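Here's the structure we're looking at; comments come further down.
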Amino acid sequence: MTTTSDPTAPGITADDLQHAVRLSLAALRGAVSVTTAPEWQRPAGGLTWSCWETVEHLADDLFAYAAQLGIDAPALGTEVPFLWERRREGGPANVTYADPKAGTAGLLQVLESCGALLTAVVRTVPADRRAYHCFGLSDAEGFAAMGIVETLVHTHDIATGLGVPFHPPAGLCGQVLTRLFPGAPTDTDRWPTLLWATGRGELPGRERLTSWRWFAAPRAEGEAVTDLTV
């Protein structure tokens with residue numbers, strides 16, 4: 001199999017991750033002004049989690065990536081052994097949760113804080129650092145890319161649930177498609193393609209994905225792939 005990834009494409013940086021988190025926060029803080037607290041308990045897009053729970057899950061993803069990558073000798077075969085707990089059956093299993101008494105403003109502050117943690121770790125760890133992810137050992141660029149995908153697609157889920165718009169820039173979507181989804185089509189609009197690659201949308205002439213994955217390994221170390229399904 002051959003890859004469509006371009007190894008000469010510009011790398012993904014901490015600044016790109018910070019940009020994605022800021023885009024998310026701008027959209028979600030805008031939603032706070034036009035929604036009520038009960039509306040954040042609606043399902044987030046096609047997920048079974050509420051919009052509130054999905055923000056918590058996103059924040060927890062960013063926290064977990066920072067924790068995984070940030071230690072001097074990361075585990076290469078397993079995750080850092082935090083205690084992951086669900087607050088309800090079917091809810092997300094998180095390490096971190098927002099205090100409900102702080103309201104949606106506090107919830108988004110938790111997201112901002114966890115995004116800042118991962119941004120700082122990506123910015124400062126050595127280039128040869130590798131850490132475990134279930135989709136492959138990855139480097140700082142890979143964890144930044146994964147953080148961007150989590151941020152963009154879950155913000156889409158939440159925005160859909162709240163009925164507010166969210167349209168990230170094509171360039172940012174294209175960067176993470178190149179880094180993590182080497183089998184994705186290259187001749188389609190980048191944001192719809194990222195949604196398709198993560199099972200959230202359709203592309204003309206292509207079946208909707210019912211299972212999917214990304215490829216976290218650095219470009220030079222990754223397998224050549226065209227199949228995005230698990």
Side-chain angles (χ1 to χ4, degrees), residues 11-29 31-32 40 44-45 47 49-71 74-75 78-87 91-99 102 104-125 129-159 161 166 168-169 172-173 175-176 179-181 194 198 200 213-214 216:
I12 296 168
T13 68
D15 288 341
D16 296 319
L17 172 61
Q18 185 178 59
H19 181 45
V21 173
R22 287 175 173 171
L23 289 172
S24 173
L25 288 166
L28 298 181
R29 284 175 173 150
V32 170
W40 287 74
L47 304 182
W49 302 334
S50 70
C51 293
W52 179 287
E53 289 174 326
T54 305
V55 176
E56 288 185 318
H57 166 76
L58 169 56
D60 197 68
D61 278 339
L62 301 177
F63 166 83
Y65 290 170
Q68 197 72 17
L69 185 65
I71 55 180
T78 187
E79 295 171 337
V80 177
F82 290 104
L83 177 62
W84 307 83
E85 293 185 312
R86 300 183 192 275
R87 293 283 177 90
N94 294 349
V95 175
T96 62
Y97 287 93
D99 183 352
T104 49
L107 173 68
L108 297 183
Q109 189 174 44
V110 170
L111 173 58
E112 183 176 13
S113 178
C114 292
L117 284 173
L118 180 56
T119 298
V121 169
V122 168
R123 201 182 299 281
T124 56
V125 299
R129 175 74 54 83
R130 300 290 183 271
Y132 173 81
H133 186 276
C134 63
F135 289 158
L137 291 181
S138 198
D139 58 356
E141 183 196 48
F143 275 94
M146 291 187 280
I148 292 169
V149 172
E150 296 281 7
T151 299
L152 298 184
V153 302
H154 281 313
T155 302
H156 163 79
D157 296 333
I158 299 156
F166 180 67
L172 188 61
C173 299
Q175 285 178 278
V176 294
R179 177 61 175 79
L180 297 177
F181 299 93
L194 183 58
T198 55
R200 288 170 167 81
R213 60 161 293 178
W214 59 56

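Since this is a predicted model, take the numbers as computed values, not measurements.
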Between Ala144 and Val122, what is the shortest heavy-atom contact and its length? CB-CG1, 3.9 Å

Which heavy atom of Ala145 sits nearest to which heavy atom of Ile12, and what is that distance? CB-CD1, 3.6 Å

Minimum heavy-atom separation for Trp84 and Ala93, please, with both atom names. CE3-O, 3.7 Å

I'd like to check Val21 versus Gln18 (side-chain heavy atoms, cut-off strictly below 4.5 Å). Are they in contact? no

Where the side chain of Ser24 meets the backbone of Ala20, is there a donor-acceptor pair that is under 3.5 Å apart? no

Any side-chain heavy-atom pair from Pro169 and His19 closer than 4.5 angstrom? yes

What class does the angle between the rings of Trp214 and Phe181 fall in, given that below 30° is parallel, 30 to 60° is tilted and above 60° is perpendicular? perpendicular

Heavy-atom nearest pair, Ala131 first then Pro74, reads CB-CB, 3.7 Å

Rounded at 0.5 Å granularity, tell me how far NE2 in His154 sits from CG in Leu28. 12.5 Å

Take atom CZ of Arg123 as the centre, draw a 6.0 Å sphere, and report whether it contains more than 12 heavy atoms from other residues, nucleotides or ligands. yes

State, with a plain yes or no, whether a side-chain heavy atom of Arg29 is found less than 4.5 Å away from one of Leu108. yes

Glu85 and Tyr97 side chains, donor-acceptor separation under 3.5 Å: no

Separation of Trp40 CH2 from Ile158 CD1 (nearest 0.5 Å): 7.0 Å

State whether Asp16 and Arg179 are salt-bridged, where the test is any N-O pair (Lys NZ or Arg NE/NH1/NH2 against Asp/Glu carboxylate O) under 4.0 Å. no

Over all atoms of both residues, closest heavy-atom pair of Ala59 and Cys114: O-CB, 3.2 Å

How far does OG1 of Thr151 sit from CG of Leu25, to the nearest 0.5 angstrom? 9.0 Å

Donor-acceptor under 3.5 Å (Gln68 side chain, Thr78 main chain): yes

What's the spacing between Tyr65 OH and Glu79 CD if we round to 0.5 Å? 9.0 Å

CD/Glu112 to CZ/Arg22 distance, rounded to the nearest 0.5 angstrom? 8.5 Å

Test item: Thr124 side-chain N/O and Ala120 main-chain N/O as donor-acceptor pair under 3.5 Å: yes

Measuring from Leu107:CG to Trp52:CH2, what's the distance to the nearest 0.5 Å? 4.5 Å

Is the side chain of Arg200 donor-acceptor paired with the backbone N or O of Thr198 at a distance under 3.5 Å, no angle test? yes

Relative to the ring of Phe135, is the ring of His133 parallel (under 30°), tilted (30 to 60°) or perpendicular (over 60°)? tilted

Ignoring hydrogens and geometry, is there a side-chain-to-backbone donor-acceptor pair from Ser138 to Ala216 under 3.5 Å? yes

Closest non-hydrogen atoms of Thr155 and Ala27, given as atom of the first, atom of the second and distance, are CG2-CB, 4.4 Å

Lys/Arg-Asp/Glu bridge criterion (N-O < 4.0 Å) met for Glu53, Arg86: no

Please name the residue in the list Asp60, Leu62, Leu111, Asp61 that meets the side chain to side chain contact (heavy atoms under 4.5 Å, CB included) test with Thr96. Asp60

